[in-house]
Amino acid sequence: MIIRISDAKNHVDQEATIQGWMYNKRGSGKIYFLQLRDGSGLMQAVACEGDTPDSAMKTAGDLQMETSLKVTGKITQHPKHDDVFEMQVTDIEVIHQPAEEYPISKKEHGPDFLLDNRHLWLRSSKQWAIQRVRNTIINATYDYFNQNGFIKIDSPILTPNACEGTTELFEIEYFDEGSAYLSQSGQLYLEAAVMSHGRVFDFGPVFRAEKSKTRRHLTEFWMMDAEMLCDHEENLKIQEELICHIIKKVLDINQKELTILERDIEPLRKIKAPFIRKTHAEVVEELRGMGSDIQPDHDLGGDDETILTQKYDQPIFVEKYPAEVKAFYMKRDPKDDSRALCADLLAPEGYGEIIGGSQREDDYDVLMARIKEHKLDPKVFEWYLDLRKYGSMPHSGFGYGLERITGWICGTQHIRETIPFPRMINRIKP
Ligand code: 4AD
Ligand code: MG
């Protein structure tokens, strides 16, 4: 019977077959320790002269890294670890033996080599672990929204206008209609849907022609946007709950993966609502005290986010940025018209921005004026302005970057490892 490695605990002292790949091998002649992987986990299979038939010993000797195979034997519990299982090999059937040596070996490889071989690198244990954590984050996000009355609305990817400013747009020719753009965020469409359902979210790929080569930027990434009939305060509360729910789920489900990633989980365990809240003005002062040359009317730079978030062990909401550096659709702070009623959520340990959100401008005339100030074409935003013309309602929302959150929770150095096939300014392959 073929079993999955993750299910081995239910087959102790039984004979079973694992179908998978030879991940690693130690030993020679008299005894081989084969590390098998089958997608669900890793397991050691022991082939030992005397116990294992000679033909299987010979096959074990010939096995190479990433040979695909079926290995049969008795499942046993590790003598010292309750949750570790092994197999005592009685038979090995090779499915496919690579003709050439597997390109990714145990030795250190540079990032370019690994990225060129991303189609194979995905099999390595750390990369395996990251994708599983990412999967948990996606599922936890869906759980949270399903438990809290949100409806999933799928926003379009081909759009006639910009959402987040026009400098980072991918433009394509769209038949006789002129230019179309790849979506930077589904937010504007969710603002239409929230007037139908009250609480909505989307989740999909978005695109930014980012010229920046940093450890935080991709040109294609996955964003979850949420939109609610609520004010700025409640917007932040929902973000806190969502992030706490995600962390809890990963800590519950992915212990093994976090161990493989050598992630210190203490900082994750400590995450607790309410998160730290600071205004942009406070943060500017604090950063200048730490040696940054940030100006009061500037956005936070990547380095600013790093030094600020290394100082705290909780996520930080940075609220009320200068309206000048933020998008046209943000409502202004009623107490200070030069500020937006917005917040970015910065993850601790130097990770920086994971969420951008705001209350939206809900007044027709004010929004029209903003569109003109930002030199956007009111014609393409007619439908968006209609939302303020027919029963306008205060609403707020936010968007998270899935890869940013995955990178933080996994403790990766660079965002490129958090997405199966990263697209960056200098990389489109494989
Ligand atoms: O802060 P941003 O630009 O916000 C929006 O797009 C809003 N329309 C969202 C909303 O209110 N519904 O992007 C949201 C998040 C950022 O906080 C960051 O986590 C991620 O998307 N992000 C990127 N991730 C990877 N590579 C990039 N180039 C990213 N740009 C933004
Ligand atoms: Mg942002």
Side-chain angles (χ1 to χ4, degrees), residues 161-169 181 183-191 206 208-212 216-217 221 223-228 230-236 238-239 277-285 287 292 294-302 304-305 308-309 315-347 352-363 365-378 381 384-385 387-388 394-401 404:
N161 51 260
C163 177
E164 292 298 315
T166 49
T167 53
E168 293 165 358
L169 275 175
Y181 308 95
S183 177
Q184 299 168 305
S185 157
Q187 177 198 324
L188 305 188
Y189 294 95
L190 285 192
E191 288 187 57
V206 295
R208 300 211 179 163
E210 292 270 5
K211 297 268 161 35
S212 32
R216 294 189 174 101
H217 289 95
F221 61 98
M223 192 186 295
M224 186 290 301
D225 296 283
E227 199 70 27
M228 299 80 64
C230 74
D231 63 6
H232 175 66
E233 287 299 314
E234 196 178 340
N235 190 13
L236 302 198
I238 290 171
Q239 294 172 43
R277 285 173 69 161
K278 291 172 183 286
T279 63
H280 176 272
E282 287 165 348
V283 163
V284 165
E285 201 161 309
L287 283 168
S292 167
I294 186 171
Q295 299 299 311
D297 56 347
H298 280 185
D299 202 353
L300 267 61
D304 292 324
E305 292 183 6
L308 183 72
T309 60
I316 307 169
F317 282 116
V318 181
E319 297 178 86
K320 303 186 178 174
Y321 282 69
E324 290 292 303
V325 304
K326 290 291 185 188
F328 73 96
Y329 53 72
M330 292 186 182
K331 199 175 176 66
R332 300 287 171 99
D333 180 3
K335 292 188 205 119
D336 178 355
D337 196 55
S338 71
R339 303 264 167 192
L341 208 48
C342 69
D344 281 359
L345 182 63
L346 313 186
E353 182 186 343
I354 52 173
I355 293 183
S358 64
Q359 185 160 342
R360 321 306 189 186
E361 182 50 68
D362 49 26
D363 180 87
D365 295 326
V366 177
L367 184 60
M368 176 63 102
R370 299 277 181 258
I371 286 174
K372 289 181 179 159
E373 274 167 31
H374 279 80
K375 304 212 167 34
L376 298 166
D377 178 5
F381 287 101
Y384 186 67
L385 284 155
L387 305 173
R388 282 74 180 164
H395 61 290
S396 306
F398 64 95
Y400 83 37
R404 299 266 184 99

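If you read the sequence from its start, that first residue is 1, and numbering goes on from there. Reckoned from all heavy atoms, side chains included, excluding hydrogens, waters and symmetry mates.
In E324, the CD atom is not crowded: 12 or fewer heavy atoms of neighbouring residues, nucleotides or ligands sit closer than 6.0 Å.
A salt bridge is absent between E285 and K278: the closest approach of a Lys/Arg side-chain nitrogen to an acidic carboxylate oxygen does not fall below 4.0 angstrom. A salt bridge is defined here as a Lys NZ or Arg NE, NH1 or NH2 lying under 4.0 Å from an Asp or Glu carboxylate O, and D344 with K326 meets this definition.
No side-chain heavy atom of L236 sits under 4.5 Å from any side-chain heavy atom of S396.
Between the E361 side chain and the D363 main chain, a donor and an acceptor come within less than 3.5 Å of each other. The main-chain N or O of V366 is never found under 3.5 Å from a side-chain atom of R370 such that the two would form a donor-acceptor pair. No donor-acceptor distance shorter than 3.5 angstrom exists from the side chain of R332 to the backbone of A323, with no hydrogens or angles considered. In this structure a side-chain-to-backbone donor-acceptor pair under 3.5 Å is missing from R208 to E168. The main-chain N or O of R216 is found under 3.5 Å from a side-chain atom of R404 such that the two form a donor-acceptor pair. With N235 contributing its side chain and G397 its backbone, the two residues share a donor-acceptor pair below 3.5 Å.
Among all heavy-atom pairs drawn from L300 and L287, the shortest one is CG-CD1, 4.2 Å. Across Q184 and M223, no two heavy atoms sit closer than the pair O-CE, 3.5 Å. Nearest heavy atoms, A340 versus M330: CB-SD, 3.9 Å.
Remark: of the listed residues L169, L376, L188, L188 is the sole one forming a side-chain contact (heavy atoms from CB on, under 4.5 Å) with N161.
Between H280 and Y321, the two ring planes are tilted [angle within 30° to 60°].
No side-chain donor-acceptor contact under 3.5 Å links Y329 and E191.
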Start with the C-alpha gap between K331 and D231, add the side-chain angles, then the distance that decides, and say whether salt bridge (charged side-chain N to carboxylate O under 4.0 Å, His left out) holds. CA-CA 10 Å; K331 199 175 176 66; D231 63 6; over 6 Å; no

